[in-house]
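Note sheet for the following structure.
Residue numbering restarts at 1 for every chain, and letters A, B, ... go by the order of the sequence lines. Being a predicted model, the structure only gives us computed values, none of them experimental.
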There are 2 protein chains.
Amino acid sequence: MPRLADHDARRAEIVEALWRVLRRDGIAGVSVRTVAAEAGLSPTALRYYFPTQDALLQTAMVETVTSGAARVVPLLAQAADRTGVERMLLELLPVDERQRADPEIYLALAAHARSSPALAAISEETGAGIRRLAHRAVGILAGSGELRADLDVETTACCLDALLQGLIFQGCARPCLTSPEEIRRTLTGYLDQICCAGTPTKGSGPTR
Amino acid sequence: MPRLADHDARRAEIVEALWRVLRRDGIAGVSVRTVAAEAGLSPTALRYYFPTQDALLQTAMVETVTSGAARVVPLLAQAADRTGVERMLLELLPVDERQRADPEIYLALAAHARSSPALAAISEETGAGIRRLAHRAVGILAGSGELRADLDVETTACCLDALLQGLIFQGCARPCLTSPEEIRRTLTGYLDQICCAGTPTKGSGPTR
DNA sequence: TAGGTTCTGGTACAGCCGTACTAGCAACGT
DNA sequence: ACGTTGCTAGTACGGCTGTACCAGAACCTA
(Lines give C-alpha, C1' and ligand atoms only; values in the text may rest on other atoms or scores of the structure.)
Protein backbone atom coordinates (compact mmCIF):
# COMPACT_ATOMS: atom_id res chain seq x y z
CA MET A 1 0.00 0.00 0.00
CA PRO A 2 1.85 3.02 -1.25
CA ARG A 3 1.45 6.71 -0.60
CA LEU A 4 -0.05 6.14 2.75
CA ALA A 5 -1.40 9.59 3.37
CA ASP A 6 -3.24 10.21 6.58
CA HIS A 7 -6.84 10.23 5.47
CA ASP A 8 -8.21 11.73 8.62
CA ALA A 9 -5.69 14.53 8.57
CA ARG A 10 -6.52 15.23 4.94
CA ARG A 11 -10.21 15.30 5.67
CA ALA A 12 -9.59 17.68 8.54
CA GLU A 13 -7.65 19.98 6.24
CA ILE A 14 -10.46 19.96 3.71
CA VAL A 15 -13.05 20.65 6.37
CA GLU A 16 -11.03 23.59 7.60
CA ALA A 17 -10.80 24.92 4.07
CA LEU A 18 -14.57 24.64 3.86
CA TRP A 19 -14.88 26.59 7.08
CA ARG A 20 -12.70 29.36 5.72
CA VAL A 21 -14.74 29.64 2.55
CA LEU A 22 -17.95 29.51 4.53
CA ARG A 23 -16.94 32.30 6.85
CA ARG A 24 -15.62 34.41 4.00
CA ASP A 25 -18.32 34.02 1.36
CA GLY A 26 -21.23 32.37 3.10
CA ILE A 27 -22.87 29.13 2.12
CA ALA A 28 -23.48 30.43 -1.38
CA GLY A 29 -19.74 30.54 -1.97
CA VAL A 30 -19.22 26.92 -1.03
CA SER A 31 -18.78 24.55 -3.93
CA VAL A 32 -16.62 21.55 -4.58
CA ARG A 33 -14.31 23.65 -6.70
CA THR A 34 -13.94 26.62 -4.35
CA VAL A 35 -13.27 24.42 -1.34
CA ALA A 36 -10.77 22.35 -3.28
CA ALA A 37 -8.99 25.49 -4.40
CA GLU A 38 -8.95 26.80 -0.84
CA ALA A 39 -7.42 23.53 0.30
CA GLY A 40 -4.89 23.60 -2.52
CA LEU A 41 -6.31 20.50 -4.14
CA SER A 42 -7.97 19.65 -7.39
CA PRO A 43 -11.70 18.96 -7.26
CA THR A 44 -10.97 15.35 -8.09
CA ALA A 45 -8.65 14.96 -5.14
CA LEU A 46 -11.32 16.38 -2.86
CA ARG A 47 -13.84 14.03 -4.30
CA TYR A 48 -11.57 11.17 -3.41
CA TYR A 49 -12.11 11.93 0.26
CA PHE A 50 -15.66 13.21 0.09
CA PRO A 51 -17.58 11.43 -2.65
CA THR A 52 -20.38 13.95 -2.66
CA GLN A 53 -20.92 17.55 -1.63
CA ASP A 54 -23.53 16.64 0.91
CA ALA A 55 -21.12 14.33 2.68
CA LEU A 56 -18.65 17.18 2.88
CA LEU A 57 -21.20 19.55 4.37
CA GLN A 58 -22.35 16.92 6.82
CA THR A 59 -18.93 16.12 8.23
CA ALA A 60 -18.13 19.84 8.31
CA MET A 61 -21.16 20.46 10.48
CA VAL A 62 -20.60 17.43 12.68
CA GLU A 63 -16.99 18.46 13.11
CA THR A 64 -18.08 21.94 14.14
CA VAL A 65 -20.50 20.63 16.73
CA THR A 66 -18.04 18.16 18.21
CA SER A 67 -15.41 20.88 18.31
CA GLY A 68 -17.70 23.05 20.37
CA ALA A 69 -18.74 20.16 22.55
CA ALA A 70 -15.11 19.27 23.19
CA ARG A 71 -14.56 22.72 24.63
CA VAL A 72 -17.71 22.81 26.72
CA VAL A 73 -18.00 19.31 28.13
CA PRO A 74 -14.93 19.41 30.38
CA LEU A 75 -16.02 22.77 31.73
CA LEU A 76 -19.46 21.34 32.38
CA ALA A 77 -17.98 18.41 34.26
CA GLN A 78 -16.11 20.62 36.67
CA ALA A 79 -18.76 23.31 37.06
CA ALA A 80 -20.31 23.24 40.50
CA ASP A 81 -21.51 26.76 41.07
CA ARG A 82 -22.41 29.94 39.25
CA THR A 83 -18.83 30.86 38.47
CA GLY A 84 -18.27 27.53 36.79
CA VAL A 85 -21.57 27.69 34.96
CA GLU A 86 -20.79 31.13 33.66
CA ARG A 87 -17.37 30.09 32.47
CA MET A 88 -18.86 27.12 30.68
CA LEU A 89 -21.61 29.08 28.98
CA LEU A 90 -19.16 31.74 27.85
CA GLU A 91 -17.22 29.05 26.08
CA LEU A 92 -20.29 28.45 23.95
CA LEU A 93 -20.80 32.04 22.87
CA PRO A 94 -19.00 34.00 20.16
CA VAL A 95 -17.09 36.21 22.55
CA ASP A 96 -13.74 36.13 20.78
CA GLU A 97 -12.34 35.44 17.37
CA ARG A 98 -11.48 31.87 18.15
CA GLN A 99 -14.90 30.95 19.48
CA ARG A 100 -16.68 32.97 16.86
CA ALA A 101 -15.92 30.41 14.17
CA ASP A 102 -17.97 27.51 15.46
CA PRO A 103 -21.30 29.27 15.85
CA GLU A 104 -20.88 31.09 12.57
CA ILE A 105 -20.41 27.87 10.70
CA TYR A 106 -23.16 26.25 12.65
CA LEU A 107 -25.61 29.00 11.81
CA ALA A 108 -24.76 29.05 8.14
CA LEU A 109 -25.27 25.31 7.87
CA ALA A 110 -28.43 25.36 9.97
CA ALA A 111 -29.91 27.88 7.59
CA HIS A 112 -29.15 25.49 4.77
CA ALA A 113 -30.99 22.68 6.50
CA ARG A 114 -34.09 22.92 4.32
CA SER A 115 -32.03 21.80 1.37
CA SER A 116 -30.50 18.85 3.15
CA PRO A 117 -32.38 16.61 5.56
CA ALA A 118 -29.10 15.35 6.96
CA LEU A 119 -28.07 18.86 7.93
CA ALA A 120 -31.50 19.40 9.43
CA ALA A 121 -31.06 16.36 11.61
CA ILE A 122 -27.67 17.51 12.83
CA SER A 123 -29.06 20.97 13.49
CA GLU A 124 -31.97 19.60 15.50
CA GLU A 125 -29.68 17.42 17.49
CA THR A 126 -27.38 20.34 18.20
CA GLY A 127 -30.32 22.37 19.40
CA ALA A 128 -31.30 19.56 21.70
CA GLY A 129 -27.74 19.47 23.00
CA ILE A 130 -27.76 23.16 23.84
CA ARG A 131 -31.08 22.67 25.55
CA ARG A 132 -29.69 19.84 27.66
CA LEU A 133 -26.77 22.06 28.49
CA ALA A 134 -29.10 24.81 29.67
CA HIS A 135 -30.95 22.32 31.83
CA ARG A 136 -27.71 21.07 33.32
CA ALA A 137 -26.60 24.62 33.99
CA VAL A 138 -29.79 25.53 35.81
CA GLY A 139 -29.61 22.23 37.64
CA ILE A 140 -26.13 23.08 38.88
CA LEU A 141 -27.31 26.47 40.08
CA ALA A 142 -30.22 24.83 41.86
CA GLY A 143 -27.88 22.28 43.41
CA SER A 144 -25.53 24.92 44.73
CA GLY A 145 -28.44 26.83 46.18
CA GLU A 146 -27.73 29.90 44.09
CA LEU A 147 -30.88 29.68 42.00
CA ARG A 148 -33.67 31.87 43.26
CA ALA A 149 -36.08 29.68 45.18
CA ASP A 150 -39.16 31.11 43.50
CA LEU A 151 -38.06 30.05 40.03
CA ASP A 152 -39.21 26.97 38.21
CA VAL A 153 -36.21 25.00 37.02
CA GLU A 154 -37.85 23.88 33.82
CA THR A 155 -39.00 27.31 32.74
CA THR A 156 -35.73 28.92 33.69
CA ALA A 157 -33.83 26.37 31.64
CA CYS A 158 -35.98 27.16 28.62
CA CYS A 159 -35.32 30.85 29.10
CA LEU A 160 -31.59 30.27 29.37
CA ASP A 161 -31.72 28.08 26.30
CA ALA A 162 -33.46 30.77 24.27
CA LEU A 163 -31.12 33.42 25.62
CA LEU A 164 -28.06 31.42 24.59
CA GLN A 165 -29.35 30.78 21.12
CA GLY A 166 -30.27 34.42 20.78
CA LEU A 167 -26.81 35.55 21.82
CA ILE A 168 -25.25 33.10 19.38
CA PHE A 169 -27.45 34.32 16.58
CA GLN A 170 -26.86 37.98 17.34
CA GLY A 171 -23.13 37.60 17.77
CA CYS A 172 -22.75 35.81 14.46
CA ALA A 173 -25.37 37.36 12.24
CA ARG A 174 -24.89 40.89 13.48
CA PRO A 175 -21.43 41.28 14.95
CA CYS A 176 -21.57 45.02 14.42
CA LEU A 177 -24.55 45.32 16.74
CA THR A 178 -23.43 42.85 19.36
CA SER A 179 -19.97 43.18 20.78
CA PRO A 180 -18.38 40.37 22.80
CA GLU A 181 -18.46 42.62 25.83
CA GLU A 182 -22.17 43.03 25.41
CA ILE A 183 -22.68 39.30 25.10
CA ARG A 184 -20.73 38.77 28.30
CA ARG A 185 -22.64 41.52 30.02
CA THR A 186 -25.99 40.11 28.96
CA LEU A 187 -25.17 36.62 30.15
CA THR A 188 -23.94 37.95 33.47
CA GLY A 189 -27.03 40.10 33.75
CA TYR A 190 -29.31 37.16 33.21
CA LEU A 191 -27.49 35.02 35.73
CA ASP A 192 -27.83 37.90 38.16
CA GLN A 193 -31.56 37.82 37.53
CA ILE A 194 -32.02 34.17 38.25
CA CYS A 195 -29.55 33.88 41.11
CA CYS A 196 -30.10 34.88 44.69
CA ALA A 197 -29.09 38.46 45.32
CA GLY A 198 -27.38 37.38 48.51
CA THR A 199 -24.72 35.41 46.74
CA PRO A 200 -21.76 37.68 46.00
CA THR A 201 -21.30 36.92 42.32
CA LYS A 202 -19.88 40.26 41.33
CA GLY A 203 -16.45 38.75 41.14
CA SER A 204 -17.45 36.81 38.06
CA GLY A 205 -18.11 40.03 36.21
CA PRO A 206 -14.79 41.61 35.22
CA THR A 207 -13.38 38.92 33.01
CA ARG A 208 -10.14 40.71 32.65
CA MET B 1 -50.83 53.69 -22.07
CA PRO B 2 -52.39 50.30 -22.41
CA ARG B 3 -52.63 47.29 -20.16
CA LEU B 4 -52.23 49.33 -17.04
CA ALA B 5 -51.54 46.52 -14.65
CA ASP B 6 -51.07 47.37 -11.03
CA HIS B 7 -47.35 47.18 -10.64
CA ASP B 8 -47.38 47.17 -6.89
CA ALA B 9 -49.94 44.37 -6.77
CA ARG B 10 -47.87 42.38 -9.24
CA ARG B 11 -44.72 42.89 -7.24
CA ALA B 12 -46.54 41.78 -4.12
CA GLU B 13 -47.66 38.60 -5.87
CA ILE B 14 -44.12 37.86 -6.96
CA VAL B 15 -42.77 38.49 -3.49
CA GLU B 16 -45.35 36.12 -2.06
CA ALA B 17 -44.33 33.50 -4.57
CA LEU B 18 -40.75 33.97 -3.46
CA TRP B 19 -41.84 33.46 0.13
CA ARG B 20 -43.55 30.23 -0.73
CA VAL B 21 -40.49 28.88 -2.52
CA LEU B 22 -38.25 30.06 0.29
CA ARG B 23 -40.28 28.32 2.95
CA ARG B 24 -40.58 25.16 0.91
CA ASP B 25 -37.06 24.71 -0.46
CA GLY B 26 -34.91 27.15 1.46
CA ILE B 27 -32.76 29.86 -0.01
CA ALA B 28 -31.00 27.33 -2.20
CA GLY B 29 -34.24 26.69 -4.05
CA VAL B 30 -34.78 30.35 -4.88
CA SER B 31 -33.92 31.34 -8.41
CA VAL B 32 -35.42 33.65 -10.95
CA ARG B 33 -36.89 30.68 -12.77
CA THR B 34 -38.38 28.89 -9.78
CA VAL B 35 -39.96 32.02 -8.38
CA ALA B 36 -41.37 32.94 -11.74
CA ALA B 37 -42.85 29.47 -12.13
CA GLU B 38 -44.33 29.68 -8.65
CA ALA B 39 -45.92 32.99 -9.54
CA GLY B 40 -47.20 31.60 -12.84
CA LEU B 41 -45.02 33.91 -14.88
CA SER B 42 -42.19 33.55 -17.30
CA PRO B 43 -38.74 34.54 -16.07
CA THR B 44 -38.83 37.44 -18.46
CA ALA B 45 -42.05 38.78 -17.01
CA LEU B 46 -40.56 38.61 -13.55
CA ARG B 47 -37.50 40.40 -14.74
CA TYR B 48 -39.73 43.20 -15.97
CA TYR B 49 -40.65 44.00 -12.38
CA PHE B 50 -37.41 43.04 -10.69
CA PRO B 51 -34.48 43.75 -12.99
CA THR B 52 -32.10 41.65 -10.93
CA GLN B 53 -32.27 38.82 -8.46
CA ASP B 54 -30.72 40.87 -5.73
CA ALA B 55 -33.45 43.48 -6.05
CA LEU B 56 -36.02 40.74 -5.67
CA LEU B 57 -34.41 39.38 -2.53
CA GLN B 58 -34.07 42.85 -1.10
CA THR B 59 -37.68 43.84 -1.52
CA ALA B 60 -38.77 40.41 -0.29
CA MET B 61 -36.83 40.96 2.91
CA VAL B 62 -37.93 44.55 3.35
CA GLU B 63 -41.52 43.49 2.76
CA THR B 64 -41.20 40.80 5.40
CA VAL B 65 -39.83 43.21 7.95
CA THR B 66 -42.44 45.86 7.28
CA SER B 67 -45.13 43.21 7.45
CA GLY B 68 -43.98 42.23 10.91
CA ALA B 69 -43.62 45.83 11.98
CA ALA B 70 -47.13 46.61 10.80
CA ARG B 71 -48.46 43.96 13.16
CA VAL B 72 -46.35 44.96 16.12
CA VAL B 73 -46.32 48.75 16.03
CA PRO B 74 -50.02 49.30 16.81
CA LEU B 75 -49.79 46.85 19.67
CA LEU B 76 -46.75 48.69 20.93
CA ALA B 77 -48.57 52.00 20.81
CA GLN B 78 -51.40 50.77 22.99
CA ALA B 79 -49.30 48.67 25.37
CA ALA B 80 -49.19 50.24 28.80
CA ASP B 81 -48.58 47.34 31.12
CA ARG B 82 -47.33 43.79 31.20
CA THR B 83 -50.41 42.34 29.55
CA GLY B 84 -50.03 44.67 26.61
CA VAL B 85 -46.30 44.06 26.40
CA GLU B 86 -46.81 40.33 26.37
CA ARG B 87 -49.43 40.55 23.66
CA MET B 88 -47.13 42.68 21.55
CA LEU B 89 -44.10 40.43 21.94
CA LEU B 90 -46.15 37.35 21.13
CA GLU B 91 -47.06 38.96 17.85
CA LEU B 92 -43.38 38.92 16.98
CA LEU B 93 -42.79 35.25 17.68
CA PRO B 94 -43.58 32.23 15.51
CA VAL B 95 -46.44 31.01 17.66
CA ASP B 96 -48.85 30.12 14.89
CA GLU B 97 -48.79 29.28 11.24
CA ARG B 98 -49.58 32.80 10.16
CA GLN B 99 -46.87 34.42 12.18
CA ARG B 100 -44.39 31.69 11.47
CA ALA B 101 -43.87 32.89 7.92
CA ASP B 102 -42.24 36.23 8.65
CA PRO B 103 -39.45 35.04 10.92
CA GLU B 104 -38.74 32.04 8.73
CA ILE B 105 -38.21 34.21 5.71
CA TYR B 106 -36.27 36.69 7.73
CA LEU B 107 -33.92 34.03 9.05
CA ALA B 108 -33.31 32.46 5.67
CA LEU B 109 -32.45 35.80 4.17
CA ALA B 110 -30.33 36.86 7.13
CA ALA B 111 -28.26 33.74 6.69
CA HIS B 112 -27.69 34.74 3.11
CA ALA B 113 -26.42 38.15 4.14
CA ARG B 114 -22.76 37.33 3.56
CA SER B 115 -23.47 37.02 -0.14
CA SER B 116 -25.32 40.29 -0.38
CA PRO B 117 -24.31 43.45 1.47
CA ALA B 118 -27.77 44.88 0.92
CA LEU B 119 -29.37 41.97 2.74
CA ALA B 120 -26.81 42.34 5.49
CA ALA B 121 -27.79 45.97 5.95
CA ILE B 122 -31.47 45.12 6.15
CA SER B 123 -30.72 42.34 8.59
CA GLU B 124 -28.70 44.62 10.82
CA GLU B 125 -31.40 47.22 10.77
CA THR B 126 -34.02 44.64 11.66
CA GLY B 127 -31.92 43.50 14.56
CA ALA B 128 -31.66 47.07 15.75
CA GLY B 129 -35.43 47.35 15.46
CA ILE B 130 -36.02 44.32 17.63
CA ARG B 131 -33.57 45.72 20.11
CA ARG B 132 -35.41 49.01 20.23
CA LEU B 133 -38.60 47.07 20.73
CA ALA B 134 -37.11 45.21 23.67
CA HIS B 135 -36.03 48.49 25.17
CA ARG B 136 -39.47 49.97 24.72
CA ALA B 137 -41.03 46.90 26.27
CA VAL B 138 -38.86 47.05 29.34
CA GLY B 139 -39.45 50.77 29.50
CA ILE B 140 -43.19 50.21 29.57
CA LEU B 141 -42.83 47.68 32.36
CA ALA B 142 -40.69 50.12 34.29
CA GLY B 143 -43.21 52.87 33.71
CA SER B 144 -46.10 50.79 34.94
CA GLY B 145 -44.13 49.84 38.02
CA GLU B 146 -44.23 46.16 37.21
CA LEU B 147 -40.53 45.80 36.56
CA ARG B 148 -38.62 44.52 39.54
CA ALA B 149 -36.95 47.47 41.18
CA ASP B 150 -33.58 45.76 41.50
CA LEU B 151 -33.20 45.26 37.78
CA ASP B 152 -31.19 47.46 35.47
CA VAL B 153 -33.36 48.54 32.56
CA GLU B 154 -30.55 48.43 30.05
CA THR B 155 -29.35 44.96 30.94
CA THR B 156 -32.86 43.57 31.13
CA ALA B 157 -33.61 44.96 27.71
CA CYS B 158 -30.56 43.22 26.29
CA CYS B 159 -31.65 39.96 27.90
CA LEU B 160 -35.14 40.30 26.50
CA ASP B 161 -33.68 41.10 23.12
CA ALA B 162 -31.53 37.98 23.13
CA LEU B 163 -34.42 35.89 24.42
CA LEU B 164 -36.69 37.07 21.62
CA GLN B 165 -34.14 36.38 18.94
CA GLY B 166 -33.45 32.99 20.44
CA LEU B 167 -37.13 32.09 20.44
CA ILE B 168 -37.45 33.25 16.85
CA PHE B 169 -34.46 31.19 15.82
CA GLN B 170 -35.60 28.11 17.67
CA GLY B 171 -39.16 28.33 16.47
CA CYS B 172 -38.11 28.61 12.85
CA ALA B 173 -34.97 26.54 12.59
CA ARG B 174 -36.18 23.76 14.82
CA PRO B 175 -39.96 23.71 14.91
CA CYS B 176 -39.95 20.08 16.00
CA LEU B 177 -38.10 20.96 19.17
CA THR B 178 -39.91 24.17 19.97
CA SER B 179 -43.66 24.15 20.00
CA PRO B 180 -45.66 27.38 19.98
CA GLU B 181 -46.93 26.53 23.43
CA GLU B 182 -43.37 26.30 24.66
CA ILE B 183 -42.50 29.62 23.11
CA ARG B 184 -45.45 31.23 24.84
CA ARG B 185 -44.57 29.56 28.10
CA THR B 186 -40.95 30.67 27.92
CA LEU B 187 -41.88 34.28 27.22
CA THR B 188 -44.37 34.28 30.07
CA GLY B 189 -41.80 32.68 32.31
CA TYR B 190 -39.25 35.34 31.56
CA LEU B 191 -41.70 38.16 32.14
CA ASP B 192 -42.53 36.50 35.45
CA GLN B 193 -38.85 36.63 36.29
CA ILE B 194 -38.42 40.31 35.63
CA CYS B 195 -41.75 41.48 36.98
CA CYS B 196 -42.69 42.04 40.58
CA ALA B 197 -44.20 38.94 42.12
CA GLY B 198 -46.83 41.10 43.74
CA THR B 199 -48.44 42.16 40.53
CA PRO B 200 -51.18 39.71 39.69
CA THR B 201 -50.62 39.04 36.03
CA LYS B 202 -53.04 36.82 34.24
CA GLY B 203 -52.10 33.20 34.21
CA SER B 204 -48.51 33.88 35.05
CA GLY B 205 -48.35 30.61 36.85
CA PRO B 206 -48.83 27.23 35.26
CA THR B 207 -49.87 27.93 31.72
CA ARG B 208 -52.08 24.94 31.73
C1' DT C 1 13.83 -3.72 -11.33
C1' DA C 2 8.99 -5.13 -11.86
C1' DG C 3 4.39 -5.11 -10.14
C1' DG C 4 0.48 -3.37 -7.82
C1' DT C 5 -1.97 -0.08 -5.16
C1' DT C 6 -3.05 4.64 -3.83
C1' DC C 7 -3.72 8.85 -5.18
C1' DT C 8 -4.20 13.04 -8.37
C1' DG C 9 -4.69 16.06 -12.49
C1' DG C 10 -7.08 16.89 -16.66
C1' DT C 11 -11.00 16.72 -19.17
C1' DA C 12 -15.94 16.11 -20.10
C1' DC C 13 -20.77 15.96 -19.49
C1' DA C 14 -25.40 17.55 -18.55
C1' DG C 15 -27.94 20.87 -16.05
C1' DC C 16 -29.11 25.07 -13.80
C1' DC C 17 -27.88 29.78 -13.01
C1' DG C 18 -28.51 35.08 -13.97
C1' DT C 19 -28.98 38.04 -17.57
C1' DA C 20 -29.91 39.88 -22.24
C1' DC C 21 -32.09 40.36 -26.62
C1' DT C 22 -35.85 40.37 -29.80
C1' DA C 23 -40.30 39.55 -31.69
C1' DG C 24 -45.06 39.72 -30.86
C1' DC C 25 -49.41 40.29 -28.25
C1' DA C 26 -52.96 43.25 -25.92
C1' DA C 27 -55.02 47.49 -24.89
C1' DC C 28 -55.49 52.34 -24.81
C1' DG C 29 -55.44 57.48 -26.92
C1' DT C 30 -56.45 59.59 -30.81
C1' DA D 1 -59.05 52.24 -37.43
C1' DC D 2 -54.52 52.86 -36.27
C1' DG D 3 -50.28 53.71 -34.21
C1' DT D 4 -48.18 53.80 -29.68
C1' DT D 5 -47.01 51.88 -25.59
C1' DG D 6 -47.07 48.29 -21.76
C1' DC D 7 -46.18 43.93 -21.20
C1' DT D 8 -44.87 38.99 -22.13
C1' DA D 9 -42.95 34.64 -24.29
C1' DG D 10 -39.20 32.46 -26.47
C1' DT D 11 -34.67 31.89 -27.12
C1' DA D 12 -29.72 32.34 -26.36
C1' DC D 13 -25.27 33.13 -24.13
C1' DG D 14 -21.52 32.48 -21.02
C1' DG D 15 -20.50 30.76 -16.58
C1' DC D 16 -20.71 27.88 -12.74
C1' DT D 17 -22.51 23.68 -10.62
C1' DG D 18 -22.02 18.48 -9.14
C1' DT D 19 -20.47 14.35 -10.82
C1' DA D 20 -17.88 10.98 -13.68
C1' DC D 21 -14.27 8.90 -16.23
C1' DC D 22 -9.40 7.92 -17.33
C1' DA D 23 -4.55 8.21 -17.91
C1' DG D 24 -0.59 8.78 -15.26
C1' DA D 25 2.32 9.93 -11.26
C1' DA D 26 3.94 8.50 -6.70
C1' DC D 27 5.02 5.06 -3.65
C1' DC D 28 5.55 0.46 -1.29
C1' DT D 29 6.37 -4.54 -1.71
C1' DA D 30 8.72 -8.32 -3.71
| said: Under 3.5 Å, is there a donor on one side chain and an acceptor on the other for Asp54(A) and Ser116(A)? | reply: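 Short answer, yes.
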
Interatomic distance, [X] [atom1] vs [N] [atom2] [rounded to whole Å]:
{"X": "Leu46(A)", "N": "dC7(C)", "atom1": "CG", "atom2": "P", "value": "14 Å"}
{"X": "Ile27(A)", "N": "dG18(D)", "atom1": "CD1", "atom2": "P", "value": "11 Å"}
{"X": "Gln58(B)", "N": "dG18(C)", "atom1": "CD", "atom2": "P", "value": "15 Å"}
{"X": "Tyr48(B)", "N": "dA23(C)", "atom1": "OH", "atom2": "P", "value": "18 Å"}
{"X": "Phe50(B)", "N": "dA20(C)", "atom1": "CZ", "atom2": "P", "value": "17 Å"}
{"X": "Leu41(A)", "N": "dT6(C)", "atom1": "CG", "atom2": "P", "value": "19 Å"}
{"X": "Asp54(A)", "N": "dG18(D)", "atom1": "CG", "atom2": "C1'", "value": "12 Å"}
{"X": "Ile14(B)", "N": "dC7(D)", "atom1": "CD1", "atom2": "C1'", "value": "12 Å"}

| Base, sugar-phosphate, or nothing for Ser31(A), non-hydrogen atoms under 4.0 angstrom? |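 The residue Ser31(A) makes sugar-phosphate contact but no base contact.
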
For the side chain of [X], starting at C-beta, report the closest nucleotide among [options].
{"X": "Thr34(A)", "options": "dT8(D), dT17(D), dT8(C)", "result": "dT17(D)"}
{"X": "Arg47(A)", "options": "dT19(D), dT19(C), dG10(D)", "result": "dT19(D)"}
{"X": "Tyr49(A)", "options": "dA20(D), dC7(D), dC7(C)", "result": "dC7(C)"}
{"X": "Arg33(A)", "options": "dA12(C), dA12(D), dT8(D)", "result": "dA12(C)"}

| message | dT19(D), OP1 or OP2 - any side-chain N/O from Thr52(A) closer than 4.0 Å? | response |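 Thr52(A) to dT19(D) OP1/OP2: side-chain N or O found under 4.0 Å.
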
| task | Look at the side-chain N and O atoms of His7(B) and state whether any lies under 4.0 Å from the OP1 or OP2 oxygen of dG6(D). | result |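 Looking at the OP1 and OP2 atoms of dG6(D), neither is under 4.0 Å from any side-chain N or O of His7(B).
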
| Where do Ser115(B) and Asp25(A) come nearest, in terms of heavy atoms and distance? |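 Minimum heavy-atom separation between Ser115(B) and Asp25(A): OG-O, 3.5 Å.
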
| field | Side-chain donor/acceptor of Ser42(A) to base of dG10(C), under 3.5 Å | value |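 Answer no: no donor N or O sits under 3.5 Å from an acceptor.
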
| CZ (Arg136(B)) with more than 12 external heavy atoms under 6.0 Å |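 It does not: Arg136(B) CZ has 12 such atoms or fewer within range.
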
| query | Who pairs with Val32(A) by side chain to side chain contact (heavy atoms under 4.5 Å, CB included), at least two apart in sequence or on another chain? | reply |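 If we apply the side chain to side chain contact (heavy atoms under 4.5 Å, CB included) test to Val32(A), skipping adjacent residues, the hits are Pro43(A), Leu46(A), Gln53(A).
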
| message | Side chains of Asp96(A) and Gln99(A), heavy atoms from C-beta outward: is any pair under 4.5 Å? | response |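 SC-SC contact between Asp96(A) and Gln99(A) confirmed.
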
